[in-house]
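Read the structure below first, then the notes.
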Amino acid sequence: MRRRLMLSAAVALLVTGPACSAKPSGKALDPATALQMRLLTLDSHLDTPASLALPGWSITDAHSVAEDYTQVDLPRMKKGGLDGGFWAIYTPQGPLDADSTRKARDFAMMRGIAIREMVSAHPESFALAAKAADAAAIKAAGKRVVYLSIENAWPLGDDPTLLRVFHAMGVRIAGFAHFRGNQFADSSTDKPRWDGLSPLGVQLLAEMNRLGVVPDLSHSSDRALDDALRLSKTPLVLTHSGCKAVFDHPRNIDDAHLKALADAGGVIQINSVYVKGLKQSPEREAALKALDAKYPEDRTLTATERQEVLAARHRIDSQYPEVRAGFDDVMANLLHAIKVAGVDHVGIGLDWDGGGGVVGLEDVLDLPKLTASLLKAGYTEADAGKIWSGNVLRVLAAAEAEAERQKAAGT
């Protein structure tokens, strides 16, 4: 406990700093936006690396949700006060045969390289972060923070030590599974095979602890979370999850697990996807399914195909409008998590560019609304600092400390 308090105190010094984000010229910022600019604001699950593969798309250009459905770019990060976060190497789950797994490995490697190339191409705007302490220094330099993360460990194949390569690339958070179970763990949205973590998953968890990579149990089953809570030598994170008490969905976490996560020093990062029960029209679901089948997410589109996808998506949205959750639904999950787990164990990972976004919280331009609502609910600026970055950085610092301990012990 004493060590955890020391880590918390150290990280607390890192979550505020000079306002390095650009503010509108000649216009005074409202209090919530001004605070957002001062805080170290990190999102724990950015699926924006998928946008880097879009033909003609640039992270430095201003885009809009209404036009191309993307939610994060450098101009919007500056205006909304997003300092960066954990940029996901996401691989959609496929067959577990050797050939498919090798292709998944290569896909994940290339996605990680693309993230690093983004940083290399724009060194004035982005910087890679390796340690928890790096984020505040990067913000102070006026740049955006780039940690890497893994969503779905399938690309590691049957060799958990391959995580060392991704760690060297910059990965500091890694999840076990996605919508389907794999060789490491059961998924929360698939039929269980392992009743939690597999034997290989247990080995992967140990490798995470050895390297200083934070284990991410979003998407994994409750039993996998139980196993990780029992076996991990460091606190866990759920990088983009919600609360079952607000919306009873397999992707969300119940109050008992929330309390167990907090008791172990972990953090739940609230997303903006599974926040309310919604039912789309059969016509919309069929049209989207057909579009996904024509243009699978694991293939690179040509410029012409990208325009075809956008035109088709706009037609679907016009003909069969989406039934959407709203800002208050996200806040209900956030406030419930704080009530149950405590303000030291809750953060934000909205799943931008991966399905996130609701009415009133469309892209990163809207982040100050969350801060304003937290203040309105009675939480302090210090609380907001913990939620926006302090808590997840504390968990990362704990993972770093464990890795150093194991290195010193020669284990």
Side-chain angles (χ1 to χ4, degrees), residues 43 45-80 82 87-88 90-93 107 111 114-115 118 151 178-179 189 240 242 247 249 251 271-330 349-370:
D43 188 291
H45 190 75
L46 298 170
D47 270 316
T48 305
S51 298
L52 301 177
L54 298 175
W57 195 94
S58 172
I59 191 73
T60 58
D61 292 341
H63 304 267
S64 72
V65 176
E67 180 182 334
D68 69 3
Y69 297 97
T70 65
Q71 297 168 307
V72 179
D73 54 47
L74 182 59
R76 283 182 285 183
M77 292 176 77
K78 290 180 177 180
K79 291 180 180 179
L82 179 62
W87 301 64
Y90 160 60
T91 310
Q93 184 64 51
F107 177 88
R111 182 56 54 86
I115 298 170
M118 176 192 75
E151 182 177 27
H178 196 242
F179 281 118
T189 49
H240 56 304
F247 172 37
H249 189 281
R251 270 284 283 112
N271 73 9
S272 59
V273 182
Y274 301 98
V275 296
K276 183 180 182 179
L278 302 170
K279 185 170 180 60
Q280 307 299 331
S281 69
E283 294 82 3
R284 178 180 175 84
E285 290 184 344
L288 288 174
K289 184 176 181 180
L291 184 61
D292 289 342
K294 186 175 181 180
Y295 302 101
E297 61 181 339
D298 60 350
R299 61 170 283 200
T300 301
L301 302 179
T302 66
T304 298
E305 288 174 331
R306 171 63 176 160
Q307 291 307 309
E308 290 173 353
V309 169
L310 288 175
R313 177 64 187 275
H314 284 300
R315 285 195 299 271
I316 293 170
D317 288 344
S318 176
Q319 294 175 334
Y320 315 115
E322 182 181 11
V323 180
R324 305 183 67 202
F327 179 86
D328 289 344
D329 300 311
V330 177
L350 293 167
D351 210 351
W352 296 124
D353 294 319
V358 296
V359 176
L361 190 63
E362 303 286 354
D363 60 15
V364 296
L365 291 174
D366 291 329
L367 296 187
K369 294 180 181 179
L370 289 168

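Counting begins at 1 with the first residue of the sequence. What's counted below: heavy atoms across the whole structure, side chains too, no hydrogens, waters or symmetry copies.
The shortest heavy-atom contact between Asp47 and Ala88 is OD1-CB, 3.7 Å. The nearest pair of heavy atoms linking Val72 to Leu46 is CG2-CD2, 4.3 Å. Listed here is the closest heavy atom pair of Gln71 and Val65: CG-CG2, 4.0 Å.
Scored by the ring pair (Phe, Tyr, Trp, His ring centres under 6.0 Å) test, His240 finds His45, His219 as partners (sequence neighbours excluded). For Phe247, the ring pair (Phe, Tyr, Trp, His ring centres under 6.0 Å) partners two or more places apart in sequence, or in a different chain, are His249.
For the residue pair Ser58/Thr60, the side-chain donor-acceptor check at 3.5 Å is satisfied. Using a 3.5 Å distance cut-off with no hydrogens or angles, the side chains of Asp353 and Tyr90 do not pair a donor with an acceptor.
To the nearest 0.5 Å, the span separating CZ on Arg306 from CG on Leu54 amounts to 4.5 Å. Note that CG of Leu74 and OG1 of Thr48 are 11.5 Å apart. Values are rounded to the nearest 0.5 Å. Put simply, CZ on Arg76 and CG on Leu82 are 11.0 Å apart, with the number rounded to the nearest 0.5 Å. With values rounded to the nearest 0.5 angstrom, Asp68 atom CG is found 11.0 Å from Arg313 atom CZ. Atom CZ of Arg324 is separated from atom NZ of Lys276 by 12.0 Å, given to the nearest 0.5 angstrom. Between Trp352 atom CH2 and Glu362 atom CD the span is 8.0 Å, to the nearest 0.5 Å.
Between the Ser272 side chain and the Gly356 main chain, no donor and acceptor come within less than 3.5 Å of each other. Side-chain atoms of Asp329 come within 3.5 Å of backbone atoms of Gly326 as a donor-acceptor pair (strictly under, hydrogens ignored). Judged purely by atom type and a 3.5 angstrom limit, Glu283 has no side-chain atom pairing as donor or acceptor with the backbone of Tyr320.
Between His63 and Trp57, the angle of the ring planes stays under 30°, which puts this pair in the parallel group of the 30/60° scheme.
In this structure, Glu151 does not pair ionically with Arg111, as no charged nitrogen and carboxylate oxygen lie closer than 4.0 Å.
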